[in-house]
Structures are given as C-alpha cells and as structure tokens.
Amino acid sequence: MTEETPLQRYIRAGQTTVSNLLVHHYKQLGMSTAQLVLYLQFKSYQDRGTMNPDVRVIAKNLGTTETQVFNQLHQMMVNHLVKQGMRQLPDGKEDAIYDFTPLLDKLALLEDQTTATAQEEASQNSRQQVFATLESEFGRPLSSMEMQIVNDWLDKDDYSAVMIKLALRQAVMNSALNLQYMERILQSWARQGLRTEHDINEHERQFENRREGQATTQRGNQPRSAGPKIPIYKLGE
C-alpha cells in the first residue's frame with residue numbers, strides 16, 4: 001500500500017471555514033480568544049458530521065484539560081453563545097450536542113446593528129453638511145427656527161440632502177436666498193416625483209430648453225420693422 005504524502009494528508013483533513021465577521025468582531029460578542037479557538041475546534045468536527053466530538057480529543061488538540069474545556073463551554077452558555085441541544089440518532093436514541101446557533105444569531109444581530117449605526121452616522125454627517133452649506137451661502141448661522149425647518153425637510157418631508165442642496169443652488173441662481181423660496185422648489189419637485197440628482201437636473205435641463213425654444217419662437221413671430229421709406233427718383237429728373 002502506497003504511503004500517504006503530506007499533501008494528501010493535508011487534503012484529507014478537510015477545511016474549516018469561518019466568517020470574517022466572527023474573526024473581526026468576536027470580542028464584541030463577549031468571546032475570549034480561547035473561546036473562539038474552542039468554537040473552531042467543535043466546528044471542524046461538526047462540519048464533517050461529528051456533531052458530538054469527544055471533549056477529551058478537543059482538550060488534547062488545545063493542549064488543555066477536559067475541565068478547562070467544560071468551564072469555557074459553561075461560560076459560553078452563560079453568555080448565550082452556545083446551548084445544549086438534542087438530536088435523534090438512527091437507532092432512535094437521543095444524543096446531546098453543543099449547538100452554536102446562538103453565537104451565529106448574535107453575530108448576525110451585531111452586523112445589523114453595525115450597519116444601522118453606520119447609516120445613522122452617515123445621515124448625521126449629511127445633515128451637518130446641509131447646515132454648513134446653508135450657513136456658508138447665507139453668510140450667517142441659521143436661526144433655531146430655520147434649523148427646525150431644515151430638520152423637518154429631512155425628517156418629515158423626506159427631502160434628501162441632495163434635494164436641499166439643489167434647491168439652494170436654484171435659490172442662489174435666482175437671487176432668492178431664503179428658505180421659503182427653497183421650500184416652494186422642494187414641494188414642486190416632490191409633487192412631480194423628482195427625488196434624485198439625475199431626475200432633478202434632467203427636469204431643469206428640459207425646462208431651460210423649453211424656455212429657450214419659446215423665446216426663439218416669440219422672436220420669430222415678431223413683425224419685422226418696415227424701416228424708413230426711401231423716396232425713389234427717376235434719374236435725369
């Protein structure tokens with residue numbers, strides 16, 4: 001029989017994959033590094049179908065004692081990272097297993113919270129940028145009433161920061177630098193379903209084209225001046 005090569009043994013041992021979310025955030029879940037490695041030990045066996053690996057083997061792999069493994073598992077149960085479940089064996093008997101579903105659930109919840117926090121921070125940054133832009137154009141700080149109006153635009157009317165900045169641009173171009181004028185613009189865009197920068201810019205472009213076309217038509221329809229009458233003389237008279 002041909003002896004197995006190191007590479008063949010490496011391949012036969014299989015692979016244990018783990019989400020980078022866990023690698024990067026296990027501390028936020030309340031896990032110690034030792035508990036992370038312990039989880040990986042259990043996962044390496046459970047992924048290959050051994051749902052209830054021998055704790056003595058786990059302890060040997062980790063270079064520790066069975067008591068320390070059980071202590072770590074108990075602490076993980078207290079922190080709701082693992083629970084003991086039951087599985088039905090082919091012979092009808094039941095077997096206790098360590099179920100790490102709570103760990104994965106907490107990891108998913110952590111990711112949702114992280115995403116929500118990032119979105120909230122982005123929203124706050126965008127809000128502050130809107131206030132800073134308005135104050136820069138107005139050349140003064142916004143009053144408390146003006147700040148409330150802008151906050152209502154963002155929170156109640158669901159006008160985006162982009163919409164507000166574009167409305168400010170229109171106000172500046174038309175020398176009507178006040179929130180009342182901007183609000184009429186925002187309301188008009190909202191009624192027409194214009195919410196994105198692309199849609200608003202396209203709408204304004206079409207409006208300018210129509211206005212220029214009307215001006216051209218009006219100029220073409222104006223009667224031409226007959227000009228001064230020039231008397232005609234017959235030569236020789």
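The structure presented is a predicted model; accordingly, all values stated were derived computationally and were not measured.
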(message) Checking Ser136 now: which residues fulfil side-chain hydrogen bond (donor to acceptor under 3.5 Å, both in side chains) with it, not counting sequence neighbours?
(response) none
(message) Could you work out, with salt bridge (charged side-chain N to carboxylate O under 4.0 Å, His left out) as the rule, every residue matching Glu135, not counting sequence neighbours?
(response) none
Please check if any side-chain donor atom of [X] sits under 3.5 Å from a side-chain acceptor atom of [Y], or the reverse.
| X | Y | value |
| --- | --- | --- |
| Gln128 | Gln124 | no |
| Asn61 | Tyr45 | yes |
| Gln129 | Thr133 | no |

(request) Step through the shown structure and confirm whether more than 12 heavy atoms of other residues, nucleotides or ligands are within 6.0 Å of CE on Met86. (result) yes
Short N-O contact, [X] and [Y], less than 4.0 angstrom:
| X | Y | answer |
| --- | --- | --- |
| Glu202 | Arg205 | yes |
| Asp54 | Lys60 | no |
| Glu137 | Arg169 | no |

Do side-chain atoms of [X] reach the backbone of [Y] as a donor and acceptor pair under 3.5 angstrom?
| X | Y | answer |
| --- | --- | --- |
| Asp99 | Thr101 | yes |
| Gln84 | Tyr98 | no |
| Gln206 | His203 | no |
| Arg48 | Ser44 | yes |
| His24 | Asn20 | yes |
| Arg195 | Asp158 | yes |
| Gln170 | Leu166 | no |
| Gln35 | Ser32 | yes |
| Asn174 | Ala176 | no |
| Asp91 | Lys93 | yes |

(message) Using 30° and 60° as the class boundaries, would you call the ring planes of Phe100 and Phe42 parallel, tilted or perpendicular?
(response) tilted
(request) Under the side chain to side chain donor-acceptor pair (under 3.5 Å) rule, what do Gln148 and Asp152 come out as? Steps first, then yes or no, please. (result) CA-CA 6 Å; Gln148 184 58 53; Asp152 286 346; 2.9 Å; yes
